[in-house]
Amino acid sequence: MYLDQIIKIEGFHTILHSLVDVIDIGIHIIDPKGRTIVYNKKMAEIEGMESNEVLGKKIHEIFSFKEEAESTLNRALHFGKTTENSKQTYFNNLGQEITTINNTFPIVDQNQQIIGAIEVAKDITNLERLIKDNILNKGDTKYTFDSIIGTSENFLEVIEKSKRSTRTTSSILIVGETGTGKELFAQSIHNGSSRSTHPFISQNCAALPDSLIEGILFGTKKGAFTGSIERPGLFEQAQGGTILLDEINSLNPNLQAKLLRALQERTIRRVGDTKDKKIDVRVIATINEDPIDAIANDHLRKDLYYRLSVVSLFIPPLRERKEDIPLLAQSFIEKFNALFELNIEGISEEVYALFYEYDWPGNVRELEHIIEGAMNLLEPGDTKISPNHLPALSKKKAHIGETHSGKKPNPPSGGLQETTLSLDEYIANTEKLYLEKILKEHGMNISQAAKALNISRQSLQYRLKKYRVK
């Protein structure tokens, strides 16, 4: 059956329009005068328009283009130009920026006369924004070791170890709970190293789906998949500098394997490419859970852990360095005094007593947020933060001792506390006591103790560090 006979079938145009509307790709067709005659639902979704705003109108009546670029549809109509996998950035009638990958070609009749043009588009607006944000953040580091606040012994040890690591280019794994300041340490190491004049690029591995993260990290080759274009990944953009991979345990195993290869071979391969590219990038990774647990739960490949943890930094949570609370609190007060144009002198003794009793699950970040929240509740004439300015902390069931003496509570003894503990606290205390017992039984010999416990020496050393067993 010939095409002209098919077109004459009753209801053909209805069928055709229904088919065009259910296709999950944008379709835009213009007639010989450049007016829109087909504009499907997906294209309307991509461009944030309604079909009645576009149908019957010319391209430049609706859209504007960057620089003096012509639309690919108009180029196809007026010059017979076919474009494949071409990126186009333009603005809709609300001024919203849109970026698409287009395949555009002229429509010709039997006499080879151009009678219109058709464009098939794939939306990459969000991907383009993510890439652009990463490029804009290149080298944007504001923290140095002078920015790190704390004088507690266990915290100073981490700072000293971090400073020593600036002399080399070895991979670093920073272990710490959420809010302990892992990126602060990563930026300080970069800024204290010989790479400080080169890019520092940070990527949260949990922030993007697997379908995007591989292309963002390693780059893409044109034609690797529909709409893919030639683009360097973050590793190439960080050449000569440092890349921070936050929450490395959220990467899927396949991507972890590709990362391991990049670390071992010092090369990367773009998605869809067959050639390797040499890289000179220092990798710093962070993880917010016990690496041994992450390996046991299949969140982290063991071989990648060994490759990343050439230098391991264990940042203590705030509950293990409460003596640093006054310094931290005062620094946040100064920060928000400047920001809010206030003149708050400090914190009352009652609030300090509350702070010392609280467990700080959100760590330093939570302390900062609580100080900021309190300074939003101050009345005119207030000069200090008092308990009535801390409703958020009160809701967390933190409490002040009956005497409100303001004195820092005594640290817990080696035994289990008599007060009711959470299950996690009880298990942690029990594990600490048992580790101390086994170590003493084996003359403080870590290798023998690890063998008796049936765990690796590295696993035991991590737990000793975690519980501050010496």
* Not counting sequence neighbours, which residues clear ring-ring contact (aromatic ring centres under 6.0 Å, His included) with Phe145? List them please. =>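 Once residues adjacent in sequence are excluded, Phe145 has no partner under the ring-ring contact (aromatic ring centres under 6.0 Å, His included) criterion.
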* **Residues in ring-ring contact (aromatic ring centres under 6.0 Å, His included) contact with Phe332, at least two apart in sequence or another chain** =>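 With neighbours one apart ignored, the set is empty.
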* To do: Test side chain to side chain contact (heavy atoms under 4.5 Å, CB included) on Ile148 and Ser188 and set out the steps.
  => CA-CA 9 Å; Ile148 301 177; Ser188 298; 3.8 Å; yes
* Asked: Passes side chain to side chain donor-acceptor pair (under 3.5 Å), Tyr143 versus Glu183? Steps please.
  -> CA-CA 9 Å; Tyr143 298 120; Glu183 181 156 357; over 6 Å; no
Which heavy atom of [X] sits nearest to which heavy atom of [Y], and what is that distance?
| X | Y | value |
| --- | --- | --- |
| Arg195 | Gly241 | NH1-O, 2.9 Å |
| Leu460 | Ile446 | CD2-O, 3.4 Å |
| Ser147 | Leu184 | O-CD1, 4.3 Å |
| Ala262 | Ile268 | CB-CG2, 3.9 Å |
| Gly26 | Lys42 | N-CG, 3.6 Å |
| Gln256 | Asn249 | NE2-O, 4.3 Å |

* Specify whether His190 and Phe200 have parallel, tilted or perpendicular ring planes, treating 30° as the upper limit for parallel and 60° as the lower limit for perpendicular. =>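 Answer is tilted, since the angle falls between 30° and 60°.
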* Asked: If you measure from CZ on Arg307 to CG on Leu304, what distance do you get to the nearest 0.5 Å?
  ->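 CG of Leu304 is found 9.5 Å from CZ of Arg307.
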* Asked: Could you walk me through whether His389 and Asp382 pass the side chain to side chain donor-acceptor pair (under 3.5 Å) check?
  -> CA-CA 10 Å; His389 299 133; Asp382 287 341; 3.2 Å; yes
Pairing donors with acceptors under 3.5 angstrom, does anything connect the side chains of [X] and [Y]?
| X | Y | result |
| --- | --- | --- |
| His299 | Glu289 | yes |
| Ser348 | Ser386 | no |
| Asp246 | Thr286 | yes |
| Tyr352 | Glu357 | no |

Please determine if [X] and [Y] form a salt bridge, counting it only when a charged side-chain N lies under 4.0 Å from a carboxylate O.
| X | Y | answer |
| --- | --- | --- |
| Glu368 | Lys335 | yes |
| Asp276 | Arg266 | no |
| Arg164 | Glu160 | yes |

* Can you tell which of Thr104, Thr82, Asn103, Thr100 makes a side-chain contact (heavy atoms from CB on, under 4.5 Å) with Thr72? ->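 Exactly one candidate clears the test, Thr104.
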Using a 4.5 Å cut-off on heavy atoms from C-beta on, say whether the side chain of [Y] contacts that of [X].
| X | Y | result |
| --- | --- | --- |
| Ile279 | Thr267 | no |
| Lys277 | Arg269 | no |
| Ile248 | Leu308 | yes |
| Val175 | Leu313 | no |
| Glu97 | Tyr90 | no |
| Ile333 | Ile347 | yes |
| Ile243 | Ile284 | no |
| Ile174 | Ile172 | yes |

* Kindly determine whether Asp273 and Lys275 satisfy salt bridge (Lys or Arg N to Asp or Glu O under 4.0 Å), including the steps that lead there. => CA-CA 6 Å; Asp273 204 350; Lys275 296 179 180 179; over 6 Å; no
* To do: Among Lys182, Arg319, Arg365, find the residue that satisfies the side-chain hydrogen bond (donor to acceptor under 3.5 Å, both in side chains) test when tested with Glu177.
  =>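 In the set Lys182, Arg319, Arg365, the residue that makes a side-chain hydrogen bond (donor to acceptor under 3.5 Å, both in side chains) with Glu177 is Arg319.
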* Asked: So with a 6.0 Å cut-off around CD of Glu84, is the heavy-atom count from everything else above 12?
  ->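 Count not over threshold, so no.
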* Hey, is NZ on Lys258 packed in by over 12 heavy atoms from elsewhere, all under 6.0 Å? ->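 Atom NZ in Lys258 is crowded, with more than 12 foreign heavy atoms closer than 6.0 Å.
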Short question: side chain of [X], backbone of [Y] - any donor-acceptor pair under 3.5 Å?
| X | Y | answer |
| --- | --- | --- |
| Asn363 | Pro317 | no |
| Asn93 | Phe63 | no |
| Glu345 | Lys384 | no |
| Gln237 | Ile201 | no |
| Gln330 | Gly346 | no |
| Gln203 | Leu245 | no |
| Asp324 | Ser152 | yes |
| Asn337 | Ile344 | yes |

* To do: Would you please name every residue forming a side-chain hydrogen bond (donor to acceptor under 3.5 Å, both in side chains) with Asp359, sequence neighbours left out?
  =>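 Once residues adjacent in sequence are excluded, Asp359 has no partner under the side-chain hydrogen bond (donor to acceptor under 3.5 Å, both in side chains) criterion.
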* **Criterion side chain to side chain contact (heavy atoms under 4.5 Å, CB included) on Leu263 and Ser171, from CA distance to verdict** => CA-CA 8 Å; Leu263 289 169; Ser171 300; 3.9 Å; yes
* Thr166 vs Ser162, side chain to side chain contact (heavy atoms under 4.5 Å, CB included): CA-CA, chis, key distance, verdict -> CA-CA 7 Å; Thr166 62; Ser162 301; over 6 Å; no
* Arg270 NZ/CZ over Phe218 ring centroid, <6.0 Å and within 45° of normal ->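 Relative to the ring axis of Phe218, which defines the angle, Arg270 lies outside at least one limit.
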* Asked: Is the charged tip of Lys322 near the ring of Phe355: under 6.0 Å from the six-membered ring centre and within 45° of its axis?
  ->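 Judged by the rule (NZ or CZ under 6.0 Å from the ring centre, within 45° of its axis), Lys322 is not positioned above Phe355.
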* Asked: What's the verdict on salt bridge (Lys or Arg N to Asp or Glu O under 4.0 Å) for Asp303 and Arg261, showing C-alpha distance, side-chain angles and the deciding distance?
  -> CA-CA 10 Å; Asp303 46 8; Arg261 181 180 179 277; over 6 Å; no
* Assess whether side chain to side chain donor-acceptor pair (under 3.5 Å) is satisfied between Thr144 and Asn191, documenting all intermediate values. => CA-CA 6 Å; Thr144 66; Asn191 282 330; over 6 Å; no
* For the pair Arg321 and Glu153, evaluate salt bridge (Lys or Arg N to Asp or Glu O under 4.0 Å) and give the outcome as yes or no after the intermediate values. => CA-CA 8 Å; Arg321 59 181 190 105; Glu153 182 181 350; over 6 Å; no
* Can you check side chain to side chain contact (heavy atoms under 4.5 Å, CB included) on Glu372 and Phe340, steps first, answer last? -> CA-CA 10 Å; Glu372 181 181 3; Phe340 301 152; 4.0 Å; yes
* To do: Check the pair Lys437, Glu441 against salt bridge (Lys or Arg N to Asp or Glu O under 4.0 Å), reporting the backbone distance first and the verdict last.
  => CA-CA 6 Å; Lys437 175 178 177 292; Glu441 288 179 358; 2.7 Å; yes
